Structures are given as structure tokens and as C-alpha cells.
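Just so it is clear, the structure is predicted and the values come from calculations on it, not from any experiment. Just so you know, residue 1 is the first one in the sequence shown, and it goes up from there.
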Amino acid sequence: MVASCLGFPGLAPEGHVSVCEMDGKVIHRPFESAHPAEITNTVSGYPLISLSHDAVHMAAREDARHVFLHVEEKLLKRIMSTWYEQGTMEALQLAAAPSDQSGALLRLSAKIALKTINLASSIVNVVFPYFGDRSQHIASSALQSQPGHRNPVRCIAWHPHCTKIAVGVSDDSVRVYSASSPGFVPTLRSQGQRSVSCLAWRPYSASELAVGCHAGVIVWQVDPKSVVTRPSISCATVLRHPGHSPVTSIQWSSTGTLLVSAASGDTSMYIWDVDLQDSVPLRRVGGGNINLLSWSPDFHKLLAATTSVTFRVWDTANWVPERWRVLSGHVRTACWSPCSTVLLFTTSEESVVYALQFKPNCAQLDTMFYSDTPVSEQAARVVINLAPEEVANGVRLGGTVASMVWDKLGRHLALTFENSPLVAVYRTDLTPHLLVTPSCLVKGVSGEQPTAIAFQSNFDSGACLTIAWSSGRIQYFPVVYQELKSTSPSMRFNDSVQFQPDHSLFESSRVHEASLLQSFHDSFLSY
């Protein structure tokens, strides 16, 4: 049975917003009194986050210039400043523009350089159609922002063990909010941290946060016991490689030993040993640049989607990939089931959600979408048909998916769309086969659009969907089941809690991961 955009409960009345879901019932409240903590104590003490225009300096690099008095600078100094802040193309455009200070030779040289670069770019785009402009467009869409809007929030990421959330802001800073210290908000910012696109907390560490940006990956140390709200770049490790930018996707391994990064301008993904600051490129010929990564929860499979129709699923035991192709567009969003046997993905040109079924602890697909090798004639099945439908008074749901996340229990799947103000939440059941049914729709205030979504990793009472709206408001939408309510919520608030994982499994995983880079160096082949 294929789910659709129909069958959801009714939307919140005008002037009301969706607050939470309690045992299958969606609760709506007027916006002024929409506080989930008054309904359920599962989110009591969570930090209130509102990054409105008075809190975020939109386009800070441009707006800050108006604060100071104008000083006439020499042309050469302005060109150098533009090159440093905005790049080569902008500097050449400034040099080519008519000016009283510029000579004819300088203007002519800049124009020739611009024409040469544009011609070379055109040739590259013809020969490699998924390089250049297309990759930059995909990099922009990876910011998880609605097209045409300059939203305060670009991306969000929950810590896997603490009630702590990192928020990527439009001024290229990252702010860290914690339930244990709501009044203390560290702000991570550096001159090289531009075009922030993704965030990832390091597992089994309360303080390390990886930030994907144009320059590469910056791994910050955010000490929960520190009183410094603006850590310096000395508190961070910068991971970069020539040509590996802009970084659009980062993923930690299960124990946090390794970090994998992908850039929409690079055909290689890099496996980093962060502690040693060492990396190994992982590449295959064909398919375009890599823009999306997703590691399965059991660490045995790694999805690498490119900017073309090609995507690969790597078996991390021996690092052999299975190559697949979609019919058109590229894989835009993807997420794994908690058991690592089901991969859901959407494409940039279809309004459907596909499912691939895996065998446990095996990279061999039972079904596939479209294969270069005739392993099977079956195709990945459509589990949700997202053809646009009108759900209430002109409000439409469906279309191309902007983002998709799955909760850790495998019970709820949340989606946002390019042209819909709603967040669709589906109920999922993995036994005996994947079953998807409509659960609820989350609506914000009139005029708000969802820009980023994430499920809290350590929520013990069901699922806590976190939504960043275009107004800068961040909403917690708990889906609570009485049988799962935690009896010790205080554990979720302790940032310095001493984690006690299964040491046998942890050590086994560390040995496996520690051998990966060495095996790459010893036996890596590019073909």
C-alpha cells in the first residue's frame, strides 16, 4: 500500500499552531499560548530559541559596512579586499568596471581574464554537465532553506547524547543551546567559516561539533563547563583539502573515530581521522560530484549521492560500492531505518519517496531502483506518493521534497517541501515489512515556512521533532506515548554525563574503524 498526501487529520484552525501529539491526538493552541511544556513535561526546560531579525544580522558582511563612515580607498586595496572577502570573480569584476582610478590596461586585462574564465567554465559544463553551476546550485539547496528567502536558520543538529542543539545561522555563525544552561549560548564564528551548510556532533563527546562550510570542515571544541561565549579559532581543528569545497555533507562514524565529508565541487569524498588530521580520498570515476552522505546506524553501509543520476552504497567492510542510478535528477534527501535494513530517498525531480530493502549486515540489495549491473530486475518500490493535494482552504501539501528525517525508533518520518508551508509526519512500521501511514500535519504561524527539521536523538518518550521556521522561531513538536515516558528526564539535561556504552561493541567498532585508513593506504584503488 502506497501512502499519499491524503488521510491526515485536519489542520490547526486559523490563528492556531500545532503544539504536540499525545497518544495519537494532535493538540492545537493559539500561537500566544502554544507552549508544549504546559501540556507535557517531556520538553520542560528546553531552551527557547527565536532568531528573529533583532537577533540575527542578516547578510552581516554587507550590512556592517553601513555602520562605519565611508572612506575612499585606493582601487588596488579595494580589489585585494574584495578578493579576500568574496573571491576571484568578484575582484575581476571590480577591476573591469569603469573607474577614475583604474587604467585602461588594468580594465582590459580584467575583462580578458573574465572572458577566459567564462569560456573555460562553459566548456567544462558541456563536457561535465554536473560540474560548475549545477553543483553550486545543489550546494545552495543543501542549506535547507526555502528558495527565494533569506532565512535566519540554515541547519540544526541535536547532540546524540545530551539535550543540546546546534543552530547554523544565516550570518555564518553557529549557536549552541543547552537545556542545562539556557542562559549560556556559545557562538562559533571565524573568518574562514562561510556558507555553513551542515552540522554534526561527534558521538561520545559532549563538546566536539563539526561544521561543514565553503572552506572545508571546522571541528570546534565547545567546552560545556567554559564561560566563554565566543571561542576563538584556536579551539577548532580545520580540515581542508584543495578542491574539496564547498562541503555540503558530513557524517561521523558510529564511535566518532572517523569523519566523512562530501563537497558538491569534488568527485571524491574524504575519510578523516580527526585526531591525526589525516585523510584518504574515496572516489570512483563517473557520476559527478558528491553532495550527500548518509551512514547507516550499524556503520556497515554508506550512501554517497552525486549531483547526477548516480548514487552509490558502499560496503564499509571492504569498501566496495554498489552503483545505482535514478531515472532523472539526483538523490536529494535520504535516511536509514534504525535497523539499517531500509533506505528511504527522494529525488530532485519526482514527488515520491522510494525505499530500498537491504539484508541485515550486508551491502547486497534485495531490491533496487535502477542498476548498471543486472543483479535484479526489480526496482525500489514507491512508499509515498507526494503528488500535491489541497488539504485545506487553498493550503497545498506535497511536491518536491526539501528535507526528510526519520526518528531513532523508526516510528515517525517527517518531510518538508519546496512549495508547502506544512511539515508532514508519517507513521512508519518496519515489521514485518515497511508500512507508511499519515500521522499529522504541523503548521506554523501564517506566512512561516519550515526551513530545517531534525529529530532529537536522546528523546525517550517517543519522538521530538524540531522545526526551524522562516521567521527564526525554533519549535519543539513532541510526539509522546505514555508507555515510553521517561522516569528520569534529568539525565537528558546533563551535558557532562559520563556515557556508558557497551564496551565490547565500542572497542570492536574502534578496532574496525582504526583499520579503515590503513586499509585505504594499503589497498585503495581508483577506477
Side-chain angles (χ1 to χ4, degrees), residues 5 18 137-149 151-158 165-170 195-200 212 247-251 262 264 291-295 303 305 307 311 329-337 343-355 383-384 386 388 396-408 412-426 428 436 439-444 448-457 463-477 479:
C5 291
S18 308
H137 170 73
I138 293 172
S140 298
S141 67
L143 298 180
Q144 296 188 7
S145 298
Q146 294 293 331
H149 295 272
N151 301 302
V153 178
R154 289 179 178 172
C155 48
I156 55 178
W158 278 102
I165 185 172
V167 180
V169 188
S170 61
S195 302
V196 172
S197 62
C198 49
L199 308 169
V247 171
T248 55
S249 185
I250 51 178
Q251 292 270 297
S264 63
N291 74 297
L292 177 65
L293 299 170
S294 183
W295 224 320
L303 168 73
T307 55
F311 69 97
H330 63 274
V331 174
R332 184 167 188 179
T333 65
C335 52
W336 292 90
S337 64
L343 172 65
L344 300 182
F345 68 92
T346 67
T347 70
S348 59
E349 297 186 7
E350 295 180 280
S351 300
V352 294
V353 176
Y354 289 102
V383 291
I384 310 178
L386 297 171
R396 297 181 67 82
L397 176 70
T400 305
V401 176
S403 58
M404 176 173 65
V405 292
W406 209 346
D407 79 305
K408 67 171 185 177
H412 296 89
L413 180 73
L415 301 95
T416 64
F417 306 91
E418 284 190 346
N419 299 306
S420 176
L422 305 175
V423 179
V425 181
Y426 290 86
T428 57
V436 183
S439 177
C440 65
L441 297 175
V442 183
K443 186 187 77 168
E448 284 186 330
Q449 300 278 338
T451 62
I453 55 175
F455 278 107
Q456 183 182 349
S457 302
C464 182
L465 176 63
T466 307
I467 308 168
W469 297 96
S470 56
S471 63
R473 178 176 66 95
I474 292 184
Q475 174 186 359
Y476 309 111
F477 184 84
V479 181

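- Nearest heavy-atom pair, Tyr476 versus Cys464, reported as atom, atom and distance to 0.1 Å: CB-SG, 4.2 Å.
- Ala355 approaches Val383 most closely through the heavy-atom pair CB-CG1, 3.6 Å.
- Classified by interplanar angle (parallel below 30°, tilted 30° to 60°, perpendicular above 60°), the ring pair Phe345/Tyr354 is parallel.
- In this structure a side-chain-to-backbone donor-acceptor pair under 3.5 Å is missing from Ser249 to Ala262.
- Going from atom SG of Cys198 over to atom CD1 of Ile156 covers 13.5 Å, rounded to the nearest 0.5 Å.
- Atom CG of residue Leu413 and atom CD1 of residue Ile384 lie 5.0 Å apart, to the nearest 0.5 angstrom.
- In this structure, the separation between CG on Leu344 and SG on Cys335 is 5.0 Å, given to the nearest 0.5 Å.
- In terms of heavy atoms, Leu386 sits closest to Tyr426 at CD2-OH, 3.6 Å.
- The main-chain N or O of Ser170 is found under 3.5 Å from a side-chain atom of Arg154 such that the two form a donor-acceptor pair.
- His330 and Thr307 are not linked by any side-chain donor-acceptor pair at a separation below 3.5 angstrom, with hydrogens and angles left out of the test.
- Across all their heavy atoms, Thr333 and Ala402 have their closest contact at CG2-O, 3.6 Å.
- Leu465 places none of its side-chain heavy atoms less than 4.5 Å from the side chain of Val479.
- Note that CZ of Phe455 and CH2 of Trp158 are 12.5 Å apart. Values are rounded to the nearest 0.5 Å.
- For the atom pair CD1 of Ile474 and OG1 of Thr466, the computed distance is 8.0 Å after rounding to the nearest 0.5 Å.
- Evaluation of the side-chain contact (heavy atoms from CB on, under 4.5 Å) rule for Ala200 yields Ile250, Trp252 as partners, not counting sequence neighbours.
- Listed here is the closest heavy atom pair of Ser18 and Val442: OG-CA, 3.7 Å.
- Taking 4.5 Å as the limit, every side-chain heavy atom of Thr400 sits out of range of all side-chain heavy atoms of Phe417.
- The backbone N or O of Gly329 sits nowhere less than 3.5 Å from a side-chain atom of Ser348 that would complete a donor-acceptor pair.
- A side-chain donor from one of Thr416 and Ser403 sits under 3.5 Å from a side-chain acceptor of the other.
- Taking CD of Glu448 as the start and CD of Gln475 as the end, the distance is 8.0 Å to the nearest 0.5 Å.
- A donor-acceptor pair is defined here as one N or O able to donate and one able to accept, closer than 3.5 Å; such a pair exists between the side chain of Ser420 and the backbone of Arg396.
- Gly398 approaches Cys5 most closely through the heavy-atom pair CA-SG, 3.7 Å.
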